[in-house]
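Here's the structure, in structure tokens; my notes come after.
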Amino acid sequence: MAQEFDLVVIGSGPAGYVCAIRAAQLGIKTACVEEWINPKGEPVLGGTCLNVGCIPSKALLESSENYEKVTHKFADHGISVTGASFDLARMIARKDGIVEKMTKGIEFLFRKNKVTWIKGHASLQAKGANGYQIAVGGETISARSVVIASGSRARHLPGLAVDNVTVCDNIGALTFDRVPKRLGVIGAGVIGLELGSVWKRLGAQVTILEALPTFLAAADEAVAKEAWKQFTTNQGLDIHLGVQIGEIKTTAKGVTIQYQENGEAKTLACDRLIVSIGRIPNTEGLGAEAIGLKLDARGFIEVDAQCRTNLPSVYAIGDVVRGPMLAHKGSEEGVMVAELLAGQKAHVNLDTIPWVIYTSPEIAWVGQTEAHLKKAGIPYKVGSSLFINNGRARGQDETDGFVKVLAHATTDEILGVHIVNTHASELIAEAVVAMEFHASSEDIARIVHAHPTLSEVVHEAALAADGRALHA
Ligand code: FAD
Ligand code: NAI
């Protein structure tokens, strides 16, 4: 007799596991199917984010940043450290330990909330009298409702095999056994910049080849300009824009990449290569065709604003659907769908999803860029403030960057906030709250911000938008 559930969630990344927990909390009999096997050969929960994404990358960013501080920043504080060195194996083991604790934490939460974890690959079979039949291993389970949270995987270059030793995607790039002398990166997107920074700080000579002629095209122009200065001039990442990748050869010694730049043929020779050119949705082998689930031309599952697919009682959330491929976006969709299934009202506002790039300094934004506003013909005003004028930033020796507030020219509603600063990932939360409540720049300007804190720069930028800057 097939096991029967009210809800089966396929995938236990941040979209799926959060959905499963919330559904179970609301009294829905829930199972989550997960096929991930970790390098030790053990089945694990957590998906890309916990195993080979957000969590391990941030652990290595922190370790490499600490090494950078010891070797380059402490001297200014009067602290001298001689013979600083690092043990890469230990750094990687620390990262792996964090991953293990976090994935085990989800196992604990599943037990606590009575979510059944079914190990293996889920494939949708058919719709029957008891809902949808789903094959997992040799078994069939049935579900009155299904949430597909199968996530995404790295896009590879056609004809270039990824062995995750010499030619790597995000998986191999988080587990190097030694620092490559020369590291090539294809794609100056989020992964290229974050992981390029990690290996650069640990001593690699990093060259990044980017197809687009514009750097960080999705970011506000002022942010992209500041980031370019930081990463290239100050930190020595060698970034080439507008390149066309040609033949790539892998040999015992490394990789050679032929490419065109400004009409000139060039070659990059490196010991290891990271290919970080975006991600593709995991819809293969899911049985979408068996039940008539509609995908778009790029393989994403088609959904409406509330993550409903074209099939009754089948929802899809996270990286496998439209919208930014971000863990927090997927998690919020998971909560929304669980609450809808429990008969509640729920929604996710895709217009206020924060973006963070965890480089040093960090880059964070929410809402519209100036370019978007110009294109849409929306009248706006700008308020900016620099961290160099802020006492806390001076004390922390983290004076790079700025906050830029974009507000509607007549209503003063905040339309976008853009931050470059070491703690931008934390500072952006205030802007997200403000925008969610349709706050004006005057609202932030009139809120008391503690002194001395970096948040005073958000305050000052909001004052500036109203023509009332105090410290500029
Ligand atoms: P995933 O996390 O991809 O999980 C999907 C799960 O479904 C997987 O475990 C997979 O095994 C399972 N699965 C798929 N098909 C089946 C099937 N048929 N049967 C059973 N199981 C199945 N985002 C951020 O917000 N912040 C960050 O700092 C950040 N850093 C990142 C760093 C890197 C290096 C990478 C690669 C990504 C990063 N991301 C970050 C993006 C983030 O990881 C994803 O947006 C997020 O993991 C998507 O969650 P998801 O649940 O939709 O999918
Ligand atoms: P990305 O979309 O951020 O960047 C890919 C880059 O590769 C783009 O700039 C693109 O123009 C370039 N590119 C594409 N094809 C190319 C080619 N043939 N040659 C040269 N350049 C090429 O994708 P990335 O960095 O792989 O990351 C995937 C996703 O994972 C991100 O979009 C993001 O959603 C998520 N992520 C989020 C993080 C965060 O929130 N901090 C960190 C890391 C990943």
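Quick caveat: nothing in here was measured; it's all calculated off a predicted structure. First listed ligand is number 1; within each ligand, the first listed atom is number 1.
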Check ligand 2 for close polar pairs with the protein: N or O on both sides, less than 3.5 Å.
| residue | atom | partner | partner atom | Å |
| --- | --- | --- | --- | --- |
| ligand 2 | 3 (O) | Val190 | N | 3.1 |
| ligand 2 | 9 (O) | Glu210 | OE1 | 2.6 |
| ligand 2 | 9 (O) | Glu210 | OE2 | 3.1 |
| ligand 2 | 11 (O) | Glu210 | OE2 | 2.6 |
| ligand 2 | 15 (N) | Arg155 | NH2 | 3.4 |
| ligand 2 | 21 (N) | Ala211 | N | 3.1 |
| ligand 2 | 23 (O) | Gly278 | N | 3.3 |
| ligand 2 | 25 (O) | Val190 | N | 3.3 |
| ligand 2 | 25 (O) | Ile191 | N | 2.9 |
| ligand 2 | 26 (O) | Gly278 | N | 2.8 |
| ligand 2 | 34 (O) | Met325 | O | 2.7 |
| ligand 2 | 40 (O) | Val356 | O | 3.4 |
| ligand 2 | 41 (N) | Glu194 | OE2 | 2.8 |
| ligand 2 | 41 (N) | Val356 | O | 2.7 |

(Q) Residues around ligand 1, heavy atom under 4.0 Å from any ligand atom, sorted by chain and number. Can you pull those? (A)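 Contacts of ligand 1 under 4.0 Å: Ile10, Gly11, Ser12, Gly13, Pro14, Ala15, Gly16, Val33, Glu34, Glu35, Trp36, Gly47, Thr48, Cys49, Val52, Gly53, Cys54, Ser57, Lys58, Gly120, His121, Ala122, Ala149, Ser150, Gly151, Ser152, Asn170, Ile191, Arg279, Leu286, Gly318, Asp319, Met325, Leu326, Ala327, His328, Tyr358.
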(Q) For Trp365 and His418, take the angle between the two ring planes, folded into 0 to 90°, and tell me which bin it lands in: parallel under 30, tilted 30 to 60, perpendicular over 60. (A)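 Correct class here is parallel.
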**Q.** Pairs meeting criterion side chain to side chain donor-acceptor pair (under 3.5 Å) with involvement of residues 203-219, two or more places apart
**A.** none
Under a 3.5 Å cutoff, is there a donor and acceptor pairing between the side chains of [X] and [Y]?
X	Y	value
Thr352	Glu436	yes
His240	Asp238	yes
Ser331	His328	no
Thr267	Gln258	yes

**Q.** Sequence neighbours excluded, every pair satisfying salt bridge (charged side-chain N to carboxylate O under 4.0 Å, His left out) that has a member inside residues 9-30
**A.**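 Salt bridge (charged side-chain N to carboxylate O under 4.0 Å, His left out) check on residues 9-30 returns Arg22-Glu339.
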Q: Would you name the heavy atoms of Ala15 and Ala149 that are closest together and state the gap between them?
A: CB-CB, 4.2 Å
Q | Where Ile118 and Val136 come nearest, the two heavy atoms and their spacing | A |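 For Ile118 versus Val136, the nearest heavy atoms are CG2-CG1, 3.8 Å.
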